[in-house]
Amino acid sequence: MSHPPKGFAVCVYCGARGGNDPLYMGQATALGATLATEGWQLVYGAGDVGLMGAVARAAQAEGGDTLGVIPVHLLKMEVGKTDLTRFVVTETMHERKKVMYMNSDAIVVLPGGAGSLDEFFEVLTWRQLGLHAKPIFLLNVNGYWSPLMALIEHVIAQGFADPSLAGFITVVDDVDALTLALRAARSNETDAAE
Ligand code: AMP
């Protein structure tokens, strides 16, 4: 029996702010457009602010499929983007993260603040524990995440994590490199399903 091809959903964690360098917004916009043109669904935090808004608007402009998940108490502060393909309102932050994670095949982390770090470390920890096998990509715009990778190497060097921890993270410098890496992840997933 043949099945219709399963879609590919990419969870994007990123700043609710735009950062100081226009390159951050530029790469967020490029990522949103690429997700749409590749036919991949954007899963994100449903805000219309900062890099979050830039990714979503660019995906929409190219006719992309978008799933946004936002907790009720952030609807105003993060300007809930109600015109997404699917717009889900949760009661708590934990539910938001869970719905985003469960509906995604791959995780991409753009520059961001404490919220993005929280989201990154959650999926990394779960990967370390073997709770999932979703690929995790850091979009290292302008070397933004290099200090984070240095911290992770330090954690490993000091004996607080297995060296495999770093192997769960793929660092890419720009959206072009990310697209190639996501295509490879997508085809691995398709092969595994066959
Ligand atoms: P930031 O990187 O700090 O700009 O935050 C990016 C996004 O992560 C924002 O939408 C925050 O509301 C969200 N966020 C922050 N902390 C959490 C959390 N514990 N669970 C879910 N989302 C969060």
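This one's a predicted model, so the numbers in the text were calculated from it and none came from an experiment. Every number for a ligand or one of its atoms is a count from 1 in the order of the listing.
- Think of V49 as one node in a network of Ile, Leu, Val, Met, Phe, Trp and Tyr side chains linked at under 4.5 Å; its network also takes in V79.
- Shown here are the ring pair (Phe, Tyr, Trp, His ring centres under 6.0 Å) partners of Y24, two or more places apart in sequence or in another chain: Y144.
- D105 contributes a side-chain N or O that, together with a main-chain N or O of A9, makes up a donor-acceptor pair within less than 3.5 Å.
- In the hydrophobic cluster analysis, where Ile, Leu, Val, Met, Phe, Trp and Tyr join through side-chain heavy atoms closer than 4.5 angstrom, L84 is grouped together with M102.
- Put simply, the side chain of D174 never gets that close to the backbone of Q27: no donor and acceptor are under 3.5 Å apart.
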Acceptor/donor pairs from residues 52-63 side chains to any protein atom, 3.5 angstrom cut, sequence neighbours excluded:
unit_1: R57; atom_1: NH1; unit_2: D48; atom_2: OD1; d: 2.6
unit_1: Q60; atom_1: OE1; unit_2: K81; atom_2: NZ; d: 2.7
unit_1: Q60; atom_1: NE2; unit_2: D83; atom_2: O; d: 3.1
unit_1: Q60; atom_1: NE2; unit_2: D83; atom_2: OD1; d: 3.2

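- Enumerated by chain and number, the residues approaching ligand 1 to less than 4.0 Å through a heavy atom are C14, G15, A16, M52, L74, E78, M93, R96, K97, G112, G113, A114, G115, S116, D118, E119.
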